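Just so we're on the same page: letters track the sequence lines, and every chain starts at 1. From a predicted model like this one, the values you see are computed outputs, not experimental measurements. As a basis for the values below, the full set of heavy atoms in this structure was taken, side chains included, without hydrogen atoms, waters or symmetry mates.
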Amino acid sequence: MKSIPENLVCFNTFEADESWTYETYRKHGGYDAWDRILKGELSPEQVIEEVKASGLRGRGGAGFPTGLKWSFMPRLQPVQKYLVCNSDESEPGTCHDREVLRKNPHALIEGMAIAAYAMGATIAYNYIRGEFMEEPVPRFELAVKEAYEHKLLGKNIQSSNIDLELHTFVGAGAYICGEETALLESLEGKQGKPRFKPPFPANFGLYGKPTTINNTQSLASVPSIIRNGAKWFKDIGVENSGGTAQFSVSGHIERPGNYELPMGTSFKDLLELCGGVLGGAKLKAVIPGGSSVPVMPAETILGCTMDYDSLQKAGSSFGTGAVIVMDETTCMVKVLRRIARFYMAESCGQCTPCREGTGWLYRMLTRIIEGQGELEDLTKLVEIANKIEGHTICALGDAAAWPVQSFLKHFHHEFEYMVNNKGRSIVSVNDEVTV
Amino acid sequence: MKTLSKHAKEKIDLLCERFPEDRQRSAIIGALHIVQHENTGYLTAELMNEVAEYLSIPTMQVYEVATFYSMFNTLPVGRHNVAICTNISCMLRGADEIVDHVEKKLGVKMGESTADGKIYLKKEEECLAACCGAPMMMVDHHYHENLTMDKIDKILGDLD
């Protein structure tokens with residue numbers, strides 16, 4: 001295996017004992033970019049152009065080019081503008097934002113500062129999921145305090161005429177709040193129900209004011225881009241996928257963990273880096289980007305590189321970079337039912353196709369597992385999924401549909417076997433009906 | 001009737017400072033966390049009403065939030081909150097067996113509290129973003145990763 005450079009961007013302080021402190025961050029070139037901005041060396045336009053040129057794309061799952069998103073903000077409009085960081089990490093399989101918050105919070109703070117400056121926002125919120133309240137939240141807040149103490153945040157920072165107040169907001173458990181307009185609703189103290197778009201947040205966001213929402217990893221990648229240049233970042237990755245990505249590798253894997261690697265790393269190399277499939281078992285399937293993206297059979301993903309284009313071409317998606325590995329003993333029907341349950345539980349209930357459809361999917365899959373399924377259910381499952389997809393306000397409906405479509409496409413025989421054998425899984429070693 | 005403590009009010013005041021004037025509705029989630037914590041893990045109608053009154057907002061706005069987010073309990077629950085993640089990454093690493101083990105050990109099903117009011121076994125928990133440490137559970141906001149049955153027994157045994 002060729003050697004793959006690790007921890008080049010957001011994880012670059014991780015080698016230090018206390019990777020999260022201000023001193024450590026400084027030693028790694030931290031706040032150099034912000035210092036330059038505070039000295040007036042970089043205009044907002046230059047920052048946006050640099051981020052555009054870096055090829056950075058939103059790491060929250062959608063992969064939208066970050067610099068382009070920033071350029072949508074009406075920067076010169078004389079109204080309050082907001083920057084919001086989305087640390088509501090809750091896509092199943094994904095756990096790298098937690099790493100950034102716990103182990104390198106200053107990279108996020110500097111990234112938020114640079115982003116806010118580029119878009120003319122003077123108030124920024126970091127929306128962190130409620131379950132992170134014991135460790136990641138205090139770690140992040142301590143770093144914010146350090147940043148204020150070192151006069152890197154506040155009013156007229158170091159006489160630069162730049163203002164930025166940065167606050168933490170702690171959520172309370174709702175996957176849907178990772179959807180950017182639901183997150184804004186939640187920040188306003190409401191139920192996290194996505195807004196109909198347009199208008200987009202850049203025009204009508206938090207409290208009706210221009211707002212941009214970026215993911216934790218996207219923002220924490222920005223300081224290194226400004227510090228080292230767009231080209232440096234872009235060249236780490238591959239065409240259409242600049243820089244590094246944080247892969248949360250979980251499931252049947254020898255060394256689960258968060259790996260920050262260049263975009264375009266081959267799946268084979270990633271697997272090898274993680275020690276291979278748990279216990280040397282045979283690989284069956286991989287969900288490459290969090291539970292919402294289509295599942296991939298082993299033979300397909302083994303030929304892929306981990307970047308936007310390659311995974312899309314192979315019928316899946318980069319998503320959040322959460323790689324869920326499943327070995328040959330995995331019952332795909334049960335996995336799909338667990339995924340279906342998740343979307344049923346997390347549907348906000350606004351749109352009928354999603355609210356009702358996710359429940360139908362879960363209950364039909366349960367029926368199959370309990371031995372009451374019929375073959376026509378398999379067609380029905382896909383039909384329901386197709387009727388949810390594209391017919392809802394937000395992407396949760398699509399996210400509920402894709403797993404069903406892809407599991408049935410690639411592992412139809414497992415579902416068929418279970419229906420024909422009254423709930424017995426194709427992988428079960430005994431005759432027990434396992435529920 | 002319970003009343004908002006002075007401490008809770010001070011903390012809510014600090015929260016409100018983070019938001020623009022007249023946007024105190026944004027403080028509901030934070031305020032509910034504060035009062036739920038003080039009330040050993042659950043909210044009562046009285047507490048929600050008082051939060052609404054203190055923030056000068058309609059009570060319905062507080063109820064809406066309290067019933068939407070999974071971290072808020074609007075019925076009495078045991079004082080220790082045990083939430084076992086059963087989502088895919090944890091499921092692949094044995095979460096279902098862990099749930100069985102804990103249910104047997106505590107003598108309650110998920111979504112129930114033990115009779116002595118000590119432990120609330122949260123209804124099926126969704127992904128808590130610690131997938132690389134699967135299987136995992138959260139006990140009173142603390143993450144416990146790479147669980148084994150022995151580890152779980154010790155964690156639960158240490159609860160007072």
Side-chain angles (χ1 to χ4, degrees), chain A residues 80 89-99 123 125 129-135 165 167-175 177 186-193 206-207 248-253 255-258 278 287 291 322 324-327 330 334-335 338-339 341-342 345-346 348, chain B residues 15 17-20 22-34 36-37 55 57 61-72 81 83 85-93 95-96 122-136 138-143 145-146:
Chain A
Q80 177 65 55
E89 176 167 63
S90 33
E91 172 75 15
T94 318
C95 53
H96 43 65
D97 294 347
R98 177 167 168 253
E99 292 297 278
I123 299 177
Y125 292 101
R129 70 176 294 178
E131 291 86 348
F132 284 176
M133 69 163 68
E134 197 195 64
E135 198 191 4
E165 299 297 344
H167 306 288
T168 309
F169 186 97
V170 178
Y175 169 71
C177 291
S186 183
L187 246 173
E188 292 183 0
K190 302 171 190 164
Q191 297 191 336
K193 292 185 174 170
L206 182 62
Y207 309 128
S248 297
V249 188
S250 70
H252 296 139
I253 189 83
R255 284 193 297 275
N258 284 293
L278 188 65
I287 301 175
S291 72
I324 305 169
V325 178
M326 291 171 273
D327 73 13
T330 311
K334 286 183 194 163
V335 171
R338 186 61 190 84
I339 294 174
R341 187 198 177 275
F342 174 72
E346 299 298 334
C348 81
Chain B
L15 262 180
E17 285 174 17
R18 298 180 180 188
F19 310 107
D22 298 329
R23 294 293 183 182
Q24 68 272 29
R25 188 176 180 182
S26 285
I28 297 176
I29 292 178
L32 290 179
H33 275 308
I34 293 164
Q36 176 168 281
H37 181 74
L55 292 173
I57 49 175
Q61 292 184 353
V62 177
Y63 301 160
E64 279 178 5
V65 167
T67 53
F68 185 83
Y69 295 91
S70 67
M71 289 179 78
F72 296 130
N81 189 307
C85 175
T86 59
N87 213 304
I88 327 172
S89 303
C90 285
M91 173 191 170
L92 294 171
R93 302 297 289 242
D96 293 347
K122 199 178 168 187
K123 69 175 194 305
E124 194 156 14
E125 183 64 305
E126 295 302 349
C127 183
L128 292 166
C131 319
C132 301
M136 67 81 64
M138 181 173 74
V139 178
D140 299 334
H141 305 302
H142 187 83
Y143 278 34
E145 301 179 38
N146 302 305

### Task
Kindly compute the distance separating CG (A:Leu278) from CG (B:Leu92), expressed to the nearest 0.5 Å.
10.0 Å
#### Entry: Student check: side-chain heavy atoms of B:Thr67 and A:Gln191 closer than 4.5 Å
yes
### Query
At a heavy-atom separation under 4.5 Å, does B:His33 approach chain A through its side chain, its backbone, both, or neither?
side chain
### Task
Can you see which heavy atom on B:Phe68 is nearest to which on A:Gly192, and at what distance?
CE2-N, 3.1 Å
#### Entry: Test side chain to side chain contact (heavy atoms under 4.5 Å, CB included) applied to B:Cys132 - qualifying residues, sequence neighbours left out
A:Cys95, A:Ser248, A:Pro256, A:Asn258
### Query
Do you know which of A:Glu165, A:Met133, A:Glu346, A:Arg255 has the most heavy-atom pairs with chain B at a distance under 4.5 angstrom?
A:Met133
### Message
Is the ring pair A:Phe169/B:Phe19 parallel, tilted or perpendicular, if the boundaries are 30 and 60 degrees?
### Response
perpendicular
### Under 4.5 Å from any heavy atom of chain A - which part of B:Asp140
backbone
### Query
Contact part of A:Val170 toward chain B, heavy-atom cut-off under 4.5 Å: side chain, backbone, both or neither?
both
### Query
Is it true that a side-chain atom of B:Arg18 and a backbone atom of A:Thr168 form a donor plus acceptor pair closer than 3.5 Å?
yes
### Summary
Scanning both residues in full, the closest heavy-atom pair of B:Ala130 with A:Arg98 reads CB-NH1, 3.5 Å
#### Entry: Minimum heavy-atom distance between A:Thr94 and B:Cys131, given as atom pair plus value
N-SG, 3.5 Å
#### Entry: Whether B:Ser89 side chain and A:Gly251 backbone form a donor-acceptor pair below 3.5 Å
no
### Short side-chain to backbone donor-acceptor contact, A:Arg338 and B:Thr86, under 3.5 Å
yes
#### Entry: B:Gln36 versus chain A, the contacting section by heavy-atom distance below 4.5 Å
neither
### Task
Examine whether an atom of B:Arg93 lies under 4.5 Å from a heavy atom of chain A, and if so say whether it belongs to the side chain, the backbone or both; otherwise answer neither.
side chain
### Task
For each of A:Glu99, A:His96, A:Arg129, tally heavy-atom pairs with chain B at distances under 4.5 Å, and name the one with the top tally.
A:Arg129
### Task
Not counting sequence neighbours, which residues clear ring-ring contact (aromatic ring centres under 6.0 Å, His included) with B:His141? List them please.
none
